[in-house]
Protein chains: 2
Amino acid sequence: MADTTAERILEEAMTAFGTRGYEATSLDDLAGEIGIRKQTILYWFPSKDALLEAVVDRCADEVTYRLVRGLDGASDGFGRVDAMVRAMFRLAARHPAILGVLREVARLGPPSSTRLLARIEPLIERASAFLQAEMDAGRMQHHEPRLLLLAAYSMVTGMATEVDVLRAFGEEPTLPSLLRRRDELLSLLRAALEP
Amino acid sequence: MADTTAERILEEAMTAFGTRGYEATSLDDLAGEIGIRKQTILYWFPSKDALLEAVVDRCADEVTYRLVRGLDGASDGFGRVDAMVRAMFRLAARHPAILGVLREVARLGPPSSTRLLARIEPLIERASAFLQAEMDAGRMQHHEPRLLLLAAYSMVTGMATEVDVLRAFGEEPTLPSLLRRRDELLSLLRAALEP
DNA sequence: GTCCTTGTCTACCAAATGGTAGACAGACCT
DNA sequence: AGGTCTGTCTACCATTTGGTAGACAAGGAC
């Protein structure tokens with residue numbers, strides 16, 4: 001990764017937007033961190049908005065890739081939910097900024113949020129259908145599938161991104177702590193979902 | 001409310017910071033919405049940062065007030081959790097921007113996040129102790145209390161604030177939808193917590 | 001009436017920011 | 001060698017933004 005200039009810009013922008021935020025990241029700062037000039041960024045991406053769009057697309061691809069692997073897992077019932085949650089936390093551990101971008105984009109609202117969600121919606125649809133089928137087959141307790149997904153999404157992004165809040169709740173942003181949070185979330189979901 | 005100028009500024013700033021975000025709200029815009037000049041804002045609050053601090057304090061007071069009422073409720077076991085969740089959703093329905101401020105402050109990081117969390121930490125401590133006691137008494141399933149609180153917090157703020165995400169999950173930002181989300185969240189928590 | 005305080009406003013300002021115009025150096029083709 | 005294309009840079013620019021200085025009007029205090 002990061003061999004071409006455009007790639008380096010994209011990577012660094014994802015980190016910056018996902019941690020500091022979009023408005024709080026100036027093109028000058030971003031260029032400085034990469035070791036180039038702002039105009040080089042504007043050569044590869046015609047505007048800051050366009051850069052954000054590229055970051056959103058990259059981010060959507062990454063999340064899709066992870067989640068599809070979770071959805072394609074062999075297990076049934078809660079096992080697949082387990083696999084998806086683990087996939088997301090693995091993503092959070094390896095590239096924390098990505099979940100930050102999700103949250104940032106949701107905060108910024110349209111048009112970037114529209115763009116991101118349009119790309120992810122098929123996944124929501126698939127996951128929702130899977131949950132519904134499992135519930136109907138009696139392998140899971142009955143809940144509203146989409147709202148269940150929404151709750152799970154909120155918990156994952158919350159427990160993976162809000163460092164200061166975590167600190168107030170007695171959790172440090174370390175890997176062991178992240179794993180503990182993951183296991184606690186899985187334990188909650190298991191209690192709520194397994195028959 | 002909103003009789004004195006300072007009060008009007010505070011109220012409008014809370015709405016703006018909680019919905020559009022801190023950096024995205026300029027003092028000129030804010031003043032325009034109130035119908036005054038920027039310099040009047042700077043007369044009452046020496047700087048934009050100071051205004052944010054005031055908003056944070058006001059927000060912490062509001063949340064504390066609501067949660068304390070939930071914690072002081074008469075019921076035991078899950079009944080009290082139920083009361084607290086309902087209290088937060090009532091807050092979300094009446095003054096949606098407040099939960100937005102919570103999220104925004106968590107995103108901005110120190111020093112505002114430190115300030116907010118210092119004011120709310122006693123509540124976390126109390127709620128945590130309550131949950132632990134209920135679990136020890138066998139009136140709730142065992143979970144890590146602080147992580148459980150963190151999960152609940154994430155779900156409440158997520159399900160109450162992320163309008164665009166909600167829309168992707170098939171929920172409109174209307175009151176009936178909000179109530180449905182609240183009930184779904186309660187149903188999840190009940191399944192995970194009741195013995 | 002005079003003075004002081006309070007609250008709001010007009011007039012500016014320095015810094016930062018996204019973006020444009022164009023110079024320039026190297027690679028590549030012919 | 002000469003011309004062209006690509007990628008990066010220097011030099012600017014217009015606008016926005018948080019903040020300062022100070023004028024000015026209203027209202028008490030005496």
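Lettering follows sequence order; numbering is per chain, from 1.
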*Asks:* Is B/Glu53 salt-bridged to B/Arg58, going by a charged N under 4.0 Å from an acidic O?
*Replies:*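 Between B/Arg58 and B/Glu53 there is no salt bridge, as every charged N stays at least 4.0 Å from the carboxylate O atoms.
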*Asks:* What is the distance, to the nearest angstrom, from the CG atom on A/Asp28 to the C1' atom on D/dA11?
*Replies:*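 Going from CG in A/Asp28 over to C1' in D/dA11 covers 13 Å.
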*Asks:* Rounding to an integer number of Å, can you tell me how far B/Arg37 CZ sits from D/dG19 P?
*Replies:*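 My rounded result for the distance is 19 Å.
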*Asks:* Heavy atoms within less than 4.0 Å of DNA chain C: which residues of residues 40-49 of chain A have one? Give them sorted by number.
*Replies:*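 Of all residues in residues 40-49 of chain A, the ones placing a heavy atom under 4.0 Å from DNA chain C are A/Leu42, A/Ser47, A/Lys48.
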*Asks:* State whether B/Glu144 and A/Arg180 are salt-bridged, where the test is any N-O pair (Lys NZ or Arg NE/NH1/NH2 against Asp/Glu carboxylate O) under 4.0 Å.
*Replies:*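 Salt bridge between B/Glu144 and A/Arg180, a charged N being under 4.0 Å from a carboxylate O: no.
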*Asks:* The side chain of B/Leu27 is closest to which nucleotide in this list: C/dG18, D/dT8, D/dG19?
*Replies:*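 The nucleotide sitting nearest to the side chain is D/dG19.
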*Asks:* Between A/Ser26 and C/dT17, does any side-chain N or O lie under 4.0 Å from OP1 or OP2?
*Replies:*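 Checking A/Ser26 against C/dT17: at least one side-chain N or O falls below 4.0 Å of OP1 or OP2.
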*Asks:* Look at A/Glu33 together with A/Arg20 and state whether they make a salt bridge at an N to O cut-off of under 4.0 Å.
*Replies:*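 Salt bridge flag = yes for A/Arg20 with A/Glu33.
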*Asks:* Decide whether A/Thr157 and A/Arg103 meet the rule of one side-chain donor and one side-chain acceptor closer than 3.5 Å.
*Replies:*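 Their side chains do contain a donor-acceptor pair, which is all the 3.5 Å distance test asks for.
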*Asks:* A/Leu51 has an atom CG; how far is it from atom P of C/dG18, in whole Å?
*Replies:*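 About 11 Å, once rounded to whole Å.
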*Asks:* Starting at CD1 of B/Ile34 and ending at P of C/dT8, how long is that distance when rounded to a whole Å?
*Replies:*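 Rounded to whole Å, this separation is 11 Å.
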*Asks:* Quick check: does any side chain N or O of A/Lys48 sit under 3.5 Å from a backbone N or O of A/Tyr22, one acting as donor and the other as acceptor?
*Replies:*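 Here the side-chain-to-backbone pair exists.
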*Asks:* In whole angstrom, give the distance that lies between atom NZ of A/Lys38 and atom P of D/dG7.
*Replies:*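 One finds 21 Å between P of D/dG7 and NZ of A/Lys38, rounded.
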*Asks:* In whole Å, what is the span from the CD atom of B/Glu23 to the C1' atom of C/dT17?
*Replies:*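 Whole-Å distance recorded here is 14 Å.
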*Asks:* Can you name the one residue among B/Thr15, B/Leu10, B/Ile9 that meets side-chain contact (heavy atoms from CB on, under 4.5 Å) with B/Val55?
*Replies:*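 When B/Thr15, B/Leu10, B/Ile9 are each tested with B/Val55, the side-chain contact (heavy atoms from CB on, under 4.5 Å) holds only for B/Leu10.
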*Asks:* What is the separation between atom CD on B/Gln39 and atom C1' on D/dT20, rounded to the nearest whole Å?
*Replies:*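 B/Gln39 atom CD is separated from D/dT20 atom C1' by 9 Å.
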*Asks:* Can you check whether B/Thr5 has a side-chain N or O nearer than 4.0 Å to OP1 or OP2 of C/dG7?
*Replies:*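 So the side chain of B/Thr5 is outside the cut-off, no N or O lying under 4.0 Å from OP1 or OP2 of C/dG7.
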*Asks:* From CG of A/Leu30 over to P of C/dA16, roughly how many Å is that when rounded to an integer?
*Replies:*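 Whole-Å distance recorded here is 17 Å.
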*Asks:* Regarding A/Asp72 and A/Arg69, does a basic nitrogen lie under 4.0 Å from an acidic carboxylate oxygen?
*Replies:*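 Not counted as a salt bridge, because no side-chain N and carboxylate O are separated by less than 4.0 Å.
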